[in-house]
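A short worksheet on the structure shown next.
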Protein chains: 2
Amino acid sequence: MRLIDVARSAGVSTMTASRVMRGEPTVAVASRDAVHAAAARLGYVPNQVAGSLRSQRSGIIAVIVPTLTGSVFAETVRGITDTFDAYDYQLMIGESSYDIEREEKVIAALVQRRPDAIIIAGVKHTPQARSLLRSAGVPVAEIWDQTTHPIDIIVGFSNFQAAYDMTRGLLDKGYRRLALATGPVIPGNRAGERTEGYLAALKDAGIHPGPSIVVPYYNFLDSSLKGGNVVADFLRDNSSIDCLFCTNELIAIGAVVACGRRGVKVPGDVAIAGFGDVEAASIITPDLTTVKIRGFEMGRRAAEILARRLLGETSEPEIVDVGYELKWRSSA
Amino acid sequence: MRLIDVARSAGVSTMTASRVMRGEPTVAVASRDAVHAAAARLGYVPNQVAGSLRSQRSGIIAVIVPTLTGSVFAETVRGITDTFDAYDYQLMIGESSYDIEREEKVIAALVQRRPDAIIIAGVKHTPQARSLLRSAGVPVAEIWDQTTHPIDIIVGFSNFQAAYDMTRGLLDKGYRRLALATGPVIPGNRAGERTEGYLAALKDAGIHPGPSIVVPYYNFLDSSLKGGNVVADFLRDNSSIDCLFCTNELIAIGAVVACGRRGVKVPGDVAIAGFGDVEAASIITPDLTTVKIRGFEMGRRAAEILARRLLGETSEPEIVDVGYELKWRSSA
DNA sequence: TTGAAAGCGCTAACAA
DNA sequence: TTGTTAGCGCTTTCAA
């Protein structure tokens, strides 16, 4: 069942049928009706692979995020979908598992599908990955971060500044023996930038940083539960700590829950602050002091800029800072 | 930059280059090396759109879920990804927002991309959607449910039986004035089947069903917070209720949290049971009694069966029941 | 407003 | 082990 079958059945040429199927306005009403009727009668399903090859537009937006599990990036994806749905684009989502080597493979796999645009979380990529993104010949939006050397479009916030401000706020609340819990740090990644913001705030205040713990990345559930236990052990072994700053919301939530189960009072024995504001943060007891990130907003803004590019309305690189917000709740 | 450029640069024919790029073993080592070197030198990125058109295999698995936000279906997607990653398939994910009309549009959009297989949550579709799925000419796996009339493969569990068992268990615990909170019910959808299981268990026990409340579907966060408040109001207006069964985990979590904020004791004043077991269920206070669903498992099993189909190893329809598990925790 | 011709970049099928 | 030929199904381009 091909377009030519529909065209014959409608008594027109393939080109007229093609124009009707794509909604071009330059077709006589009679032809249009005949083609629609024939398509419906025959149950015709257009082959977009063929169309994409010829038109050099795939209608696909490639999206690369660390993970879909855990609602943090799922919100961003929803922001992207919200915008692109109206334009008949489909998302093709790749997961990097917070690993830039794996990210490179994912990018390579997606670029072969000739997406019309690429959205990628983070600004830290392998050289080969940067090269693939640059030479893909389509607009690229890096999100969730800021950098002085964007590939093209950037829609994010300063992870350094957000961590700096939160640390500063904790110091203002009177906490002095701060400790840090973070996921894996690679220089230049988000956990690394947040760590640096934390250290810079301490340095500027003349406070010596306390101990740190690095929690491996599991998946969502395990990062909360296993990670929480690891952190609770760490707090037990370092009982002088009065405040723990977690660069990762899952670790923070896990720590609050693990402390609750062990009878460690939060914030009485130790205050805990997170980074990310997933919905569980406002549901646990005590509710979590954290940095609220605008995940949905970043997805939506990036998608809007790309949509404009794809319609040919603009073409300069753009830099958008969506900011962040400190949420002071009960845990610190 | 096309395959022919690589071939020329390597001094072989396009076909030999094509064979090398696709990893066919029937190529001389010298040719293989020459092609790989040329591809690397030129920065060649294969055009999989062209390859798909000719080979009639897209390397795409279409996945249709109600939503990605909220980790319930994200776990299922992870199960699918886990399996298909090894075979170089990419997922193309569509969201139906729990709306079968929208689902039909999403299916139509995805089928045009000629996926090699389709995985769809639920067994309740519009007639047109069923027709699109059947005539797509590829294996289709319906998941998250059971039915006597599957399209092809089915990997799920009985929502009716799970709700029946949970209700039965609540009765065994001594609760007698039960009420129901559910998301939108369409005959044949999962919320509907769960509602019927609940009603059947009450009927078999000779207990008259109490009042019910239908909570609209918002997004994850709002379903928990807004939905929770709606349910808490409902409980206040119906104070004789001693146990609330929620066919939806987000509503249950929201209700527990909203009750906590209003000083309603759970399970003292009213017991609450959920359905789904998202991770937040074990983190809130009190932790939630619920039906644990094997979301990851369903994704993995469906993907494995499809992978075997795609390799040509099997071809009969398959029916897999992954079951469920009652989790008795503090809330009921 | 319509149609004919050409070709997007790759791989199946066949032949050598 | 390699190469030639043809064509996947559509849309661009150009002409009428």
Side-chain angles (χ1 to χ4, degrees), chain A residues 1-36 38-39 42-60 88 109 111-116 135-138 312, chain B residues 1-36 38-39 42-60 88 109 111-116 135-138 312:
Chain A
M1 174 56 47
R2 294 167 306 154
L3 188 56
I4 194 173
D5 302 311
V6 174
R8 281 192 186 127
S9 173
V12 298
S13 73
T14 347
M15 264 320 296
T16 297
S18 172
R19 291 185 177 110
V20 173
M21 295 312 292
R22 283 174 297 124
E24 274 194 24
T26 64
V27 180
V29 178
S31 306
R32 182 188 317 286
D33 293 347
V35 171
H36 279 143
L42 299 172
Y44 171 66
V45 177
N47 184 333
Q48 197 161 170
V49 176
S52 298
L53 177 60
R54 180 63 245 230
S55 67
Q56 306 285 58
R57 298 186 311 100
S58 63
I60 289 174
D88 275 331
V111 168
Q112 299 194 173
R113 317 262 178 195
R114 295 295 189 268
D116 292 338
S135 59
V138 298
Chain B
M1 174 57 45
R2 294 166 307 155
L3 189 56
I4 193 172
D5 302 310
V6 174
R8 281 190 187 129
S9 173
V12 298
S13 72
T14 346
M15 265 319 295
T16 298
S18 171
R19 290 184 178 112
V20 173
M21 294 312 293
R22 283 175 295 124
E24 276 194 23
T26 64
V27 180
V29 178
S31 306
R32 182 187 317 285
D33 293 346
V35 170
H36 279 143
L42 300 172
Y44 172 66
V45 177
N47 184 331
Q48 198 161 166
V49 176
S52 297
L53 177 61
R54 179 63 244 229
S55 67
Q56 306 284 60
R57 298 185 310 99
S58 63
I60 289 174
D88 276 331
V111 167
Q112 298 193 171
R113 316 260 178 197
R114 295 294 189 268
D116 293 337
S135 59
V138 297

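All values reported here derive from a predicted model rather than from experimental measurement. A note on names: the letters A, B, ... follow the listed sequences, proteins ahead of strands, and every chain is numbered from 1.
- With hydrogens and angles disregarded, no donor-acceptor distance shorter than 3.5 Å links the side chain of B:Asp116 to the backbone of B:Arg57.
- Contact annotation: B:Arg22 side-chain N/O to C:dT11 OP1/OP2 distance is under 4.0 Å.
- Counting any heavy atom pair closer than 4.0 Å across all strands shown, A:Ser55 reaches sugar-phosphate atoms only and no base atom.
- Proximity of A:Ser18 to the phosphate of D:dT11: a side-chain N or O atom is located under 4.0 Å from OP1 or OP2.
- Computed from coordinates, the A:Leu42 CG to D:dG9 C1' distance equals 16 Å when rounded to whole Å.
- Nucleic acid contact class of A:Ser31 (heavy atoms, under 4.0 Å, all strands): sugar-phosphate only.
- Distance check: A:Tyr44 OH to A:Asp5 CG gives 9.0 Å after rounding to the nearest 0.5 Å.
- Rounding to whole angstrom units, CG of residue B:Asn47 and P of D:dG9 are separated by 17 Å.
- Residue B:Tyr44 places no side-chain N or O under 4.0 Å from the OP1 or OP2 atom of C:dG9.
- The side chain of A:Arg19 has C:dG3 as its nearest neighbour among D:dT4, D:dT11, C:dG3.
- For B:Val27, the side-chain atoms get nearest to D:dT2 when compared with the rest of D:dT2, C:dG3, D:dC10.
- The distance from atom CE of B:Met1 to atom OG of A:Ser135, rounded to the nearest 0.5 Å, is 10.5 Å.
- Looking at heavy-atom distances under 4.0 Å, A:Gln48 makes no contact with the nucleic acid at all.
- Phosphate proximity of C:dG3 to A:Thr16: present, with a side-chain N or O under 4.0 Å from OP1 or OP2.
- Comparing D:dG9, C:dT1, C:dG3 by their closest approach to the side chain of A:Met15 singles out C:dG3.
- Among the nucleotides C:dG9, C:dT2, D:dG9, the one closest to the side chain of A:Gln56 is C:dG9.
- Each of B:Arg32 and A:Arg54 has a nearest nucleotide on DNA chain D; the 5'-most of these lies closest to B:Arg32.
- Side-chain contact between A:Arg113 and B:Ile60: present, with at least one pair of heavy atoms (C-beta onward) separated by less than 4.5 Å.
- Separation of atoms OG (B:Ser52) and CZ (B:Arg114) is listed at 11.5 Å; rounding is to 0.5 Å.
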